[in-house]
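Just so we're clear, the structure is a prediction, and the values are computed from it rather than from any experiment. So you know, we letter chains A, B, ... as the sequences are listed, proteins then strands, and number each from 1.
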Amino acid sequence: MLKRTRNCGQLRLEDSGLKVVLAGWVNSYRDHGNLVFIDLRDREGLTQIVFNPETQPEVHKIARTIRCEWVIAIEGIVEPRSEGMENPKLGTGAIEVAVEKLEILNKAKTPPFELDNADKTAEETRLAYRYIDLRRPVMQKKLKVRHKVTMLARDYFDKLGFWEIETPMLGKSTPEGARDFLVPSRLVPNTFYALPQSPQLFKQILMVSDIEKYFQIVRCFRDEDPRADRQAEFTQIDVEMSFVEPDDIITIHETLVAKIWKEILVVDVKLPMRRMTYQEAMRDYGIDRPDLRFDMKLKDISDIAKQTAFKVFTSAIEKGGIVKGLCAPAGEKYSRSDIEKTLTNFVMDYGAKGLAWAKVKAEDGKLSLLGGSAKFFSPEQAKQLLERFNAKADDLLLFVADQEAAANKALAPLRCKLGRELKLYEEGRFEFLWVVDFPLFEWNEDEKRYDSLHHPFTAPIDEDLAKLETDPAHIRSKAYDIVLNGSEIGGGSIRIHNMKTQQKVFDLLNISRKQAQERFGFFLNALEYGAPPHGGIALGLDRMVMILTGTENIRDVIAFPKTQRGQCLLTEAPSEVDLKQLNELNLRVQKHSQIIDEIPGEKQQ
RNA sequence: GGGGCCGUAGCUCAAUUGGUUAGAGCGUCGGACUGUCGAUCCGAAGGUUGAGGGUUCGAGCCCCUUCGGCCUCGCCA
């Protein structure tokens, strides 16, 4: 076999005269009857190779039989292209290689889609032939960025004295949080492992073991329905440290993130990153991960709304709700039908009961409200509204009247939609933010108990500790989320390292002593054997790479992703298994049980 | 579990109100061609309209069921 000496993206004019060996895939071939040109591709680029019938008649003859995506190796001389024949689109466009020897390493069937048109090809087809899809430079670039991010992280943590330690993939199922993927145990019949939703408890236990600084680039599993930015199997850059406060974790990780942005995008991220309390985020943006690329804050207008004659507003407030809204700059481009159909349906998808609106018009230099709910506002009320939003002519005011949480839930996505559609920010902007001071709990009305906002091991802020007894709803936690352009790219907290506090939290979560022992007994025990104060974070690798590579699709940054039904179209997983395998695991699937039920007395297999 | 969009040649799409033999571009195959670079020119092959059922004289189109993909609400401590 010809051993390659150069890659296909490497050769330049100054290499002229060199004898080289290249190997790769045939990207395209152009047969002129006389000369044959092939663009040879490897992951580094394209190089044009030429077969000349006059100098190499035998090789030329074989070259004419070559087809796209065949794998070949060639030996030849690097030659400068003659005047006007250079290809400025290629890095190697100043030269070509005149082939002297050709080896066909492998033929290839015609690909099911053309690499050049793959961006227009159904994703289904691309996933079924992922090995071809991943040959495309755009896909390779994404995988390369992902590789670079993990290498940067590993190098960064190593230099700071962190150790990368693996934690088990076969773990213990806990009913909290997301649905677990279960793995049956063969050696202990009728029992199951769970794949980790995160290495949370293990990394905390490592702190008890005085590992002090741990990190891991680790796969996590949550058996919930996927989304465009969510996959059942995903990767976290997982970190835990001892003897730290939130500031320590925040500083270390914003520095890492800034380094990643600098190295990969050559973008300078201003440090320290902005911080915002949860309260402020919810008040101004209706969500704990605000997109700060544009302003357009939400405003509570309940005080004005309750004075109006608009029943929708007044009755919502009477029921303890609020009226909250936003002012879309130049939003008058939305027609009445856009607002009352498209935008209203949009907020209703998020549970809003409706969308009130009014347009801001200028008459003789004076602003007034027009259309929609405008008629319900007195001139004085209208004036107050316009002032509150600092509204300008041709703006559009939109309101939702509901319980506060429900109003936020609808307005936050509406704000993002409007920001995008009204082009309130330019692409390529990165607005980082730490959201801090999360509540420790939220009240779960259905279950009549508190739920952890973060997870049950999150520590309360010291000055709020006393509220564990008196006012759990208003305890703030030492949790922090890092948010970028409205996307949560990481989150963590300082943990409870004191068994008593941990027990108290379980009580409020309505987890009984017995349940706590069953589920987390090993962990609670560990806390009693000298657990240091500790905390950590997990950065979402997939989401970071998505933003770094400018894709909205998480499948683009995963080499072998799954579909919305959790299937791998390449391997056709998941699949049925042999009865023998099931028997070894002491398992019977419902299909078999039904057969047995239907044929009583039939001998069981 | 709910809502929405989609499925026609290998790929991307078209096909009038339900009406003749389902078309085009790219790709593929064959041929031509002295320097191309998304080569060009000539020619050819290629279809169970995702699957099953129904309505109809007649279905790619209408109805039902089903499979699959994407987006989304719920879900994701």
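In this pair, A:F522 and A:F202 present their aromatic rings tilted. The plane angle is within the 30 to 60° band. A tilted orientation is assigned to the rings of A:Y450 and A:F441, their planes being inclined by 30° to 60°.
For A:T110, the side-chain atoms get nearest to B:G27 when compared with the rest of B:G27, B:C73, B:A39. Here the nucleotide nearest the side chain of A:N34, chosen from B:U34, B:C73, B:C26, is B:U34.
Residue A:R81 is in base contact, counting any heavy-atom pair closer than 4.0 Å across all strands shown. Note on A:E124: only backbone sugar-phosphate atoms sit closer than 4.0 angstrom, heavy atoms only; bases stay farther off. At a threshold of 4.0 angstrom between heavy atoms, the contacts of A:K109 with the nucleic acid are absent. No engagement by A:L127 is indicated, since no non-hydrogen atom pair under 4.0 Å with the nucleic acid exists. Residue contacts for A:D223: at a heavy-atom cut-off of 4.0 Å it reaches no nucleic acid atom on any strand shown. Nucleic acid contact for A:R64: base, since at least one base atom lies under 4.0 Å from a heavy atom of the residue. Here A:D349 lies in heavy-atom contact (under 4.0 Å) with sugar-phosphate atoms only. No contact: A:D116 has no heavy atom under 4.0 Å from any strand.
Across the P atoms, B:G54 and B:U17 are found 28 Å apart, a figure rounded to whole Å. Comparing B:G1 with B:C75, their P atoms sit 16 Å apart, to the nearest whole Å. The P atoms of B:C11 and B:U28 are separated by 14 Å, rounded to the nearest whole Å. A distance of about 7 Å separates the C1' atoms of B:A15 and B:G23, rounded to the whole Å. For the C1' atoms, the distance from B:G2 to B:C62 is 26 Å, rounded to whole Å. Rounded to a whole angstrom, the distance from the C1' atom of B:G60 to that of B:C13 is 14 Å. Rounded to whole Å, the separation between the P atoms of B:U12 and B:G50 comes to 13 Å. A distance of about 6 Å separates the C1' atoms of B:G46 and B:A9, rounded to the whole Å.
With 3.5 Å as the limit, one finds no donor-acceptor pair spanning the side chains of A:Q236 and A:S198.
Taking only side-chain nitrogens and oxygens, A:T563 comes nearer than 4.0 Å to OP1 or OP2 of B:G69. Look at A:Q564 and you'll find a side-chain N or O under 4.0 angstrom from OP1 or OP2 of B:C71. Contact annotation: A:R30 does not reach the phosphate of B:U36 (side-chain N/O to OP1 or OP2, under 4.0 Å).
In this structure, B:G27 forms no base pair with any nucleotide, since neither Watson-Crick nor G-U wobble geometry is met with both distances under 3.5 Å. Base pairing of B:C70: its partner is B:G4, meeting the Watson-Crick or G-U wobble criterion (both donor-acceptor distances under 3.5 Å).
If you find the closest nucleotide of RNA chain B to A:L35 and to A:F457, the one lying nearer the 5' end belongs to A:L35. When each of A:Y29 and A:T121 is assigned the nucleotide of RNA chain B bearing its nearest heavy atom, the one mapping closer to the 5' terminus is A:T121.
Each of A:R555, A:E233, A:Q567 was scored for a side chain to side chain contact (heavy atoms under 4.5 Å, CB included) with A:K562, with one residue passing: A:E233.
Per the stacking criterion (ring centres < 5.5 Å, plane angle < 30°), A:F113 does not stack onto the base of B:C11. Stacking of the aromatic ring of A:H32 onto the base of B:G35 is not found under the criterion of centres within 5.5 Å and planes under 30°.
Checked by distance alone, A:E96 brings a side-chain donor or acceptor within 3.5 Å of a matching partner on the base of B:G35. Below the 3.5 angstrom threshold, one finds a donor paired with an acceptor across the side chain of A:R230 and the base of B:C75. The base of B:U36 sits with one of its N or O atoms less than 3.5 Å from a complementary donor or acceptor on the side chain of A:Q48. In the interface, the side chain of A:R227 is not paired with the base of B:C70 through any donor and acceptor atom under 3.5 Å apart. Between the side chain of A:R555 and the base of B:G69 there is no donor-acceptor pair of N/O atoms closer than 3.5 Å.
Annotation for A:H454 and A:G491: closest pair CE1-C, 4.2 Å, computed over non-hydrogen atoms. Nearest heavy-atom pair, A:R81 versus A:I95, reported as atom, atom and distance to 0.1 Å: NE-O, 2.9 Å.
Using a 4.5 Å cut-off on side-chain heavy atoms (C-beta onward), A:E240 and A:R495 make contact.
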